[in-house]
Structure formats: structure tokens, C-alpha cells
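Note that this is a predicted model, so its numbers are computed, not measured. Both backbone and side-chain heavy atoms feed into the values below; hydrogens, waters and symmetry mates do not. Whatever order the structure lists ligands and atoms in, that order sets their numbers, starting from 1. Just so you know, residue 1 is the first one in the sequence shown, and it goes up from there.
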Amino acid sequence: MEMDYWVSIPKVELHAHLNGSVRDSTLLELAKELGEKGIILFSDVEHVILKNDRSLTEVFKMFDLIHILTTDHDTVTRITKEVVEDFASENVVYLELRTTPKRNDSRGMTKHSYMEAVVEGLRRVDAFNIDFALTETELWKKGTSCQRNNECGCLSKRKIYVRLLLSIDRRETLEAAMETVKLALDMRNLGVVGIDLSGNPKVGEWTTFLPALRFAREQGLRVTLHCGEVPNQEEIHGMLDFLPERIGHACCLEEDAWRKLKTSKIPVEICLTSNIRTNTISSIAVHHFADLYSTKHPLILCTDDSGVFSTSLSKEYAIAAAAFGLGKKEMFQLAKNAVEYSFAEDKVVSELKDFFDTVEAEFSL
Ligand code: 6MZ
């Protein structure tokens, strides 16, 4: 099937890391600037940015490099705007974007100001009509601009809903994780809907963060955990017992953990290209997508890090359709079902369901 088709259908992205989704061209531009300032050696990083195959360990080295390039307020704002526009331009209608709030004393950055820069990036999206849980003032501002005879084009632009998840990095302390959860609670009116636990799975113990994750849950935030990127069965069992609202990856589950996952019905965020590129799964032919799909286990196709892995959600749909023999109808249903597993408010979920129903009827899918 044509790539155009996968681009054209409405899609839902629930597992995308902000700094992993930055365009190569932006990273190269930022690297050049830092090179000119003598902060890095451009020739050293150019080939790293353009490299395609990375082991799991190399991927985390790559993130350290990306963070050197992106972690100042203006750049965080820029990449947020670009990432949202990139997803919207391939017809992602709901994007749950996750990012790790960062403190960087040398740039005067706190976790709070980092997140303000992210939200500023959402505000700057202008090529699309963005809904990111507007506060009253912003609603008012938007209202006034639209009342000017749609001068801003706001009403005719394609719409994308964006909600945010704040990530806890496994390298962090419990105290730092708590700060992230409190920040998420403070920013609920700006579209923060949940907490993610991510970072190098070979580093740290997930149990360090349990008090923060429990607190998040008690306060009504949803939780998703990176689970089973490496074969640590004790950790996998502990995570499944916690019953997160979703998990990411679920690659290295031995039989009893697999059974537990199936019984739990916890939705799984599947990132095909990421798993293959990092060699977490040896080939698409043996990917657990097939088993989950055939047993109707809740699953969502996602990109993980579209920049780092040179992919897009449309490409992931194309890959899944080809590898698992799924047709247009099945793939459309997959996208539609993802709405159910989003952490958005009921109103958004129901608007999205209506939207998918309309498209389905229109194209007799
Ligand atoms: C685990 C991952 C990841 O938060 O700085 N991240 N964590 N497994 C993965 N699979 C490949 N991909 C990305 O985005 C980058 C951060 O997301 C997490 C890592 O902590 C990485 O540093 P933000 O916007």
C-alpha cells in the first residue's frame, strides 16, 4: 500500500519522547551553532547525529548529546513547536508527548522553567489548530483572535490535541522524581495528564521511584512505565503488579510475566522500529505485536523517538501492515482503538471517537 495512505489516515500517538523526536536538520543546525561557539566540535557530532543503527547503550549516549544541544529555554520551545507540527502534518490528531523536566543551573533552568518553555512551544504552534487544555486566559485570547473573522485562519486549520506526560529518568533520585510529580500536578491545567518512567533500563532500580509513582496515582495522574526493554524479570513482575495504566515496549517478558500481562489487560505501547534498531527484538518476524494483536490485547502503535530512529507514525503503520498482513480496515481500527487508551479527559476522548466515526463512515472503512 502507498505511503500516502498511511499519512492520510488519522492517527493517535501515545509514546513519543520530545528530545527523541527532534528533526536531524534541527540537531545539525544546533550542533553547528555550538561548534561555532567552541562548546563542541561539530565534526565529532555530525556523524553521530546522522548514524542510523544504534544499540540500546548507544541510544542513551545519543540522548546525552541531544540534551547538550537542546537544553536551553529557547531551544526547548523551538523543538516542542517543531515536533508537534511534524506529528500534525502526518495527520496525528491526538499526541501524548512525554518529556523529562530538566534542571540546568548553568542555563538558569529549573524543572519548572523547562516545562514553561515546553508549553510556550505549544502556544507557538501556528500551522495547526492546537488544543492543549487551554487555560481561561488563553481561551479568551483564542476567542478574540477567532472573532476577527477568522483572520488567523484558526477555524480552518487542521486540529491536533496535545497532552503531556512528565518523565522520570531512572538516573534520578526519589527527591527529583517527587519534584517532577508535583510539577505535573501544578501543570494539570496546561494539559499534563500523567507520569512516565523511562531512561536507560540498565540503570537504577524502578522501586526507588515507587513512592513518587504511588503519590502520582493517588493524586489522579495516570502512570505509564517502560517495562521489559531488558530481561529483568523481577522488575517486570513488580511493574505489572503495580498495574500501571499503560506500559511501553514489553519486549523481554518470559512466559509467566507474559501470562500476567495478558491477564492484566494493561495496554501496551508498541514501538517496532525502536525495538528492532536497538536489537531489543531480533526481527520483525518474531515481534510480540503479532501475539498481542491476534489475542486482541490492547495495543497502540507508536514511534518512541522518531528523530533518533528516523521514523514517523505513518511509517510504523506501513511497517505493521506489511509485516503482519493487516489491511486498511484493520489499521484504521487500530488507530481508532488507541483513543480509548489515551490519558485525555473524557470530553476529548468522546470528541476523538466521534471524529474517527465520521471518517470511518465517510470512507466506508
Ligand atoms: C527508555 C527512553 C527511550 O525526556 O529528554 N527515552 N527511555 N527507553 C527508550 N527506548 C529507546 N527513548 C527515550 O527525551 C529523551 C529521553 O527519553 C527517554 C530517555 O530518558 C531520554 O533521555 P526527553 O524529552
### Query
Can you tell me which residue and heavy atom of the protein come closest to atom 22 (O) of ligand 1, and the distance to 0.1 Å?
His67 CE1, 3.2 Å
### Message
So for ligand 1, is Asn19 a polar contact partner (N or O within less than 3.5 Å, distance only)?
### Response
yes
### Query
Can you tell me if Glu351 and Tyr161 form a side-chain donor-acceptor pair at under 3.5 Å?
yes
### Query
What are the atoms of ligand 1, with element, lying closer than 4.0 Å to any heavy atom of Leu18?
24 (O)
### Task
Verify, without hydrogens or angle tests, whether Arg98 (side chain) and Leu14 (backbone) share a donor-acceptor contact under 3.5 angstrom.
yes
### For atom 17 (O) of ligand 1, closest protein heavy-atom neighbour
His17 ND1, 3.0 Å
### Query
If you draw a 6.0 Å radius around CD in Gln333, do more than 12 non-hydrogen atoms from other residues or ligands fall strictly inside?
yes
### Summary
Residue, atom and distance of the protein heavy atom nearest atom 7 (N) of ligand 1 read Gly199 N, 3.0 Å
### Query
Counting each atom of ligand 1 from 1 as listed, which ones have a heavy atom of His226 under 4.0 Å away?
1 (C), 7 (N), 8 (N)
### Query
Judged by atom type as modelled, is there a donor-acceptor pair below 3.5 Å linking the side chain of Glu90 to the main-chain atoms of Leu313?
yes
### Message
Return the closest protein heavy atom for atom 9 (C) of ligand 1 as residue, atom name and distance.
### Response
Glu229 OE2, 3.4 Å
### Query
Are the aromatic ring centres of His226 and His17 under 6.0 angstrom apart?
yes
### Pick from Thr70, Val59, Thr100: the one approaching atom 4 (O) of ligand 1 most closely through a non-hydrogen atom
Thr100
### Task
With heavy atoms under 4.0 Å as the rule, classify the contact between Asp305 and ligand 1 as side chain, backbone, both or neither.
side chain
### Query
What is the distance from atom NZ of Lys315 to atom CG of Leu301, rounded to the nearest 0.5 Å?
15.0 Å
### Query
Counting from 1, what ligand 1 atoms have a heavy atom of Thr99 closer than 4.0 Å?
4 (O), 23 (P), 24 (O)
### Query
Should you measure from each heavy atom of Asp169, which atoms of ligand 1 turn up under 4.0 Å away?
20 (O)
### Heavy atoms of other groups near Arg103 CZ, more than 12 under 6.0 Å
no
### Task
Report, in ascending order of atom number, the atoms of ligand 1 lying under 4.0 Å from any heavy atom of Asp304.
10 (N), 11 (C), 12 (N)
### Query
So, do Phe324 and Phe289 have ring centers that fall under 6.0 Å from each other?
yes
### Query
Closest approach of Glu85 and Ala127, non-hydrogen atoms and distance?
OE2-N, 3.5 Å
#### Entry: Lys102 near ligand 1 by a heavy-atom separation under 4.0 Å
yes
